[in-house]
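Along the sequence shown, the residues carry numbers beginning at 1. Counting starts at 1 for both ligands and their atoms, following the listed order. The basis for the numbers below is simple: all heavy atoms, side chains too, and nothing from hydrogens, waters or symmetry mates.
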Amino acid sequence: MENEKITVSVIKADVGGLCGHTLAPEELLEACEAVLEEAVDEILIDYYVTRCGDDIDLIMTHKLGCDNEKVHGLAWKAFEEATKIAKELKLYGAGQDLLADSFSGNVRGLGPGCAEMEFIERKSEPIVIFCCDKTDPTAFNYPLFKMFADPFNTAGLVFDPSMISGFKFEVHDIIGHKKVFLETPEEMYMLLALIGDYERYAIKRIFRRKDNEIAAVVSTEKLNYIAGEYVGKDDPVAIVRAQSGFPAVGEVLEPFANPHFVPGWMRGSHWGPLMPVGEDDAIPTRFDGPPRIMALGFQLSNGMLIGPNDLFEDKGFDKAREKAFEMADIIRRMGPFQPHRLPSGMMEYTTVPKVLKALEDRFIPLEESEKLKEGSQKRENRDDVE
Ligand code: 13P
Ligand code: MG
Ligand code: MG
């Protein structure tokens, strides 16, 4: 067992809600559990099934590596079984995230989201699994930056000798379909220049620079523009390794003590505060939110998932929840106006193109703008002469 690599795979999907988009009921979780239980020893070492709002999260350990067909196929089968029940019960959006009719090799591109990492288990291996609802993977840009690059959040960056050389961030350009690696602390400002833009850049993975050990990974499967349309809203999951050479569990959780605004919430089309909650409170109802995040702490023991410790259940996060409610009240007042409403390119649902089409013949040029156009034409002509 020693020195053998363990893979942690978290694969998630929304296959139906009770009622509306609020909750994946127990029946669906049981259907998934039954499928995973069958696979213990043959494919999996261990598993834990949970839900955040209407999203089911399958937390699995095994030795088959990332992107393994058997593991992904198993998750697909679990979601298919849960979908059958969701359809029988006529749950809302039954089968919502199973975009393909059948499984082909890997869940990527088929609808579910997936975060996986492979590593040699340390003498003690604490990991934190984050599960969200009503937001998208860029929700992790801000807290992951704080965890792995901000010494005011993570004291270990200054005081732990194996962290002092910093971390390497793999950032995906969603629109350009490319990625770049940036190293902190030296390239911190360039990193921020990118990841502060939720429309275009998302952190996918983080590595410790000292030895290139994987430290964190986020599900970013649907974060793409397909045929010019933003389809990125996919309630994400993330895996973060903690302690000895990585941020302490408390440092991993600290960014959530002051809620930040994330895209998502009602119809995937609004900014809202990301509220940290325990498993029992991950039921977003107010305006279908506010967006939620759960943090489940496990110790790995030869691949067995010991736990979870429901970390945001702690009273230490009560104030963060209160703040999130205040932020929610303030931004809700804006109704359909920005900055509550997302920029057009990030809205999951929008009638704007249809409204523009309907009004096509009713738009008339502004006189002033015609004059301005003339003026700039004259200026151009003058420049040509010069
Ligand atoms: P989900 O992405 O959680 O299914 O929510 C969609 C929605 O429209 C919420 O208002
Ligand atoms: Mg849903
Ligand atoms: Mg959801």
For this session: Indicate, as side chain, backbone, both or neither, the part of Asp234 found under 4.0 angstrom from ligand 1 when only non-hydrogen atoms are considered.
Result: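 Within the 4.0 Å criterion, Asp234 makes no contact with ligand 1.
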
[Y]/[X] salt bridge by N-O under 4.0 Å criterion:
X      : Y      : answer
Glu81  : Lys84  : yes
Lys357 : Glu360 : yes
Lys179 : Asp173 : no
Arg292 : Asp281 : no

Exercise. What are the atoms of ligand 1, with element, lying closer than 4.0 Å to any heavy atom of Gln96?
Worked result: 4 (O)

For this session: Mark up the atoms of ligand 1 that fall under 4.0 Å of a heavy atom belonging to His21, in ascending order.
Result: 1 (P), 4 (O), 5 (O), 6 (C), 7 (C), 8 (O), 9 (C)

Please give the atom name: the N, O or S atom of [X] nearest to the Mg ion (ligand 2).
X     : value
Asp14 : OD2
Asp54 : OD2
His21 : ND1

Can you name the N/O/S atom of [X] that is nearest the Mg ion (ligand 3)?
X      : answer
Asp55  : OD2
Asp235 : OD2
Asp133 : OD1

For this session: Tell me yes or no: between the side chains of Ser124 and Gln299, is some donor less than 3.5 Å from an acceptor?
Result: yes

For this session: Establish, from distance only, whether the side-chain atoms of His270 and Arg341 form a donor-acceptor pair under 3.5 Å.
Result: no

Problem set entry | Nearest-contact summary for atom 8 (O) of ligand 1 - protein heavy atom, Å |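 Here the closest protein heavy atom is Arg267 CA, 3.3 Å.
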
For this session: Would you verify whether the NZ or CZ of Arg205 falls within 45 degrees of the ring axis of Phe169 while also being under 6.0 Å from that six-membered ring's centre?
Result: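 No, Arg205 does not sit over the ring of Phe169.
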
